[in-house]
Amino acid sequence: MCDLIARTGRLQQRYENGCRLVAGCIPFRYRNSEEVGDDSDCGKVVEVLMISSSGGPGLLFPKGGWENDETVREAAAREAVEEAGVRGILLDLLGEYEFKSKTHQDEFCPEGLCKAAMYALYVKEELDSWPEQETRSRTWLTIPEAVENCRHAWMKCALEEGFCKWHQDKGHQLIQ
């Protein structure tokens, strides 16, 4: 049983110009290359954590509505705990990504337009239990595996154009 409780409902959601504001992250860690079957000489391989979707095939990064009583960074960290059961160091903003949600159309956002602020999250702890563990599974993947399994084009863009560029510029400093 999980002591943490996921937030539900839309009463506290933030909207801007008819667009639902969303916060999320790309959780990542480093593994020794031998552990993941990589023959390269670099020693460390970056893996990202993805979660199953409750609405069909493919994998997602944790994200959800940014609420009125929290900062965007707090919302991103909260979603990581609620959906993926991970905590860590929330690092840089990777970018803001617009998308249309088929499942989240409401009176404030009839078109289902969303804007997601996505962050890099260096995972330090995997929880044994978390609020959405009954409806979501989590999977560690290499970057190429994650690109292949991404359910949404905007998340693939966040991974390739946001996270990978950020990691090349700044993220690799974490393993030195």
Of all heavy-atom pairs between Trp66 and Glu70, which one has the smallest distance, and what is that distance?
NE1-O, 2.8 Å
Please find the pair of heavy atoms, one from Val81 and one from Trp130, that lie closest to each other, and give the distance.
O-CB, 3.5 Å
Full working for side chain to side chain contact (heavy atoms under 4.5 Å, CB included) between Leu59 and Leu141
CA-CA 10 Å; Leu59 298 173; Leu141 302 167; 3.7 Å; yes
Full working for side chain to side chain contact (heavy atoms under 4.5 Å, CB included) between Ile143 and Val48
CA-CA 7 Å; Ile143 301 290; Val48 295; 3.8 Å; yes
Where do Cys25 and Ala80 come nearest, in terms of heavy atoms and distance?
SG-CB, 3.7 Å
Quick check: His167 with Tyr122 (ring centres under 6.0 Å apart)?
no
With the side chain counted from C-beta on, respond yes when Arg31 and Lys44 share a heavy-atom pair under 4.5 Å apart, and no when they do not.
no
Do Phe61 and Cys150 come within less than 4.5 Å of each other through their side chains, counting heavy atoms only?
yes
Do Ile51 and Val46 share a hydrophobic cluster, counting only Ile, Leu, Val, Met, Phe, Trp and Tyr and linking them when any side-chain heavy atoms are less than 4.5 Å apart?
yes
Charged N to carboxylate O under 4.0 angstrom, Arg138 versus Glu83?
no
Determine whether Leu91 and Met50 fall in the same hydrophobic cluster, where Ile, Leu, Val, Met, Phe, Trp and Tyr are linked whenever their side-chain heavy atoms lie under 4.5 Å apart.
yes
Which is it for Arg87 and Lys124 under the side chain to side chain contact (heavy atoms under 4.5 Å, CB included) test, yes or no, and what are the steps along the way?
CA-CA 6 Å; Arg87 290 187 179 123; Lys124 300 299 246 173; over 6 Å; no
Within this structure, what is the CZ-CG distance for the pair Arg14 and Asp69, rounded to the nearest 0.5 Å?
8.0 Å
Which atom pair, heavy atoms only, marks the closest approach of Val22 to Lys63?
CG1-CD, 3.5 Å
Measure centre to centre between the rings of Tyr119 and Trp166, then say whether the value is under 6.0 Å.
no
Less than 4.0 angstrom from a charged side-chain N to a carboxylate O is my criterion; do Glu82 and Arg78 meet it?
yes
Going by heavy atoms in the side chains, are Val45 and Thr142 under 4.5 Å from each other?
yes
Neighbour count above 12 (heavy atom, 6.0 Å) for Glu74 CD
yes
With heavy-atom distances below 4.5 Å as the criterion, would you say the side chains of Met118 and Leu93 are in contact?
no
Please give me the minimum heavy-atom distance between Ala76 and Leu90, naming the atom from each residue.
CB-CD2, 4.2 Å
Answer yes if the side chains of Ser52 and Arg136 hold a donor-acceptor pair under 3.5 Å, and no otherwise.
no
Could you give me the CA-CA distance, side-chain angles and deciding distance for Lys115 and Glu16, then say whether side chain to side chain contact (heavy atoms under 4.5 Å, CB included) is met?
CA-CA 9 Å; Lys115 182 166 63 171; Glu16 181 180 87; 3.0 Å; yes
Trp140 six-ring face occupied by Arg29 cation (under 6.0 Å, within 45°):
yes
Any heavy-atom pair between the side chains of Glu98 and Leu113 that's under 4.5 Å?
no
Ignoring hydrogens, what is the shortest heavy-atom contact between Leu60 and Met155? Give both atom names and the distance.
CA-SD, 3.7 Å
Does Glu125 reach the side chain of Val86, with side-chain heavy atoms less than 4.5 Å apart?
no
Is His152 close to Phe99 at the side-chain level, that is, under 4.5 Å between some pair of heavy atoms?
no
Distance check, rounded to the nearest 0.5 Å: Lys165 atom NZ versus Leu159 atom CG?
12.5 Å
Going only through I, L, V, M, F, W and Y residues with side-chain contacts under 4.5 Å, is there a path from Trp154 to Ile26?
yes
Given side chains that start at C-beta, do those of Val123 and Ile89 come closer than 4.5 Å, heavy atoms only?
no
Would you give the length of the straight line joining atom CZ of Phe28 to atom CG of Leu121, rounded to the nearest 0.5 angstrom?
7.5 Å
Return the CD to SG distance between Glu161 and Cys157, rounded to the nearest 0.5 Å.
3.5 Å
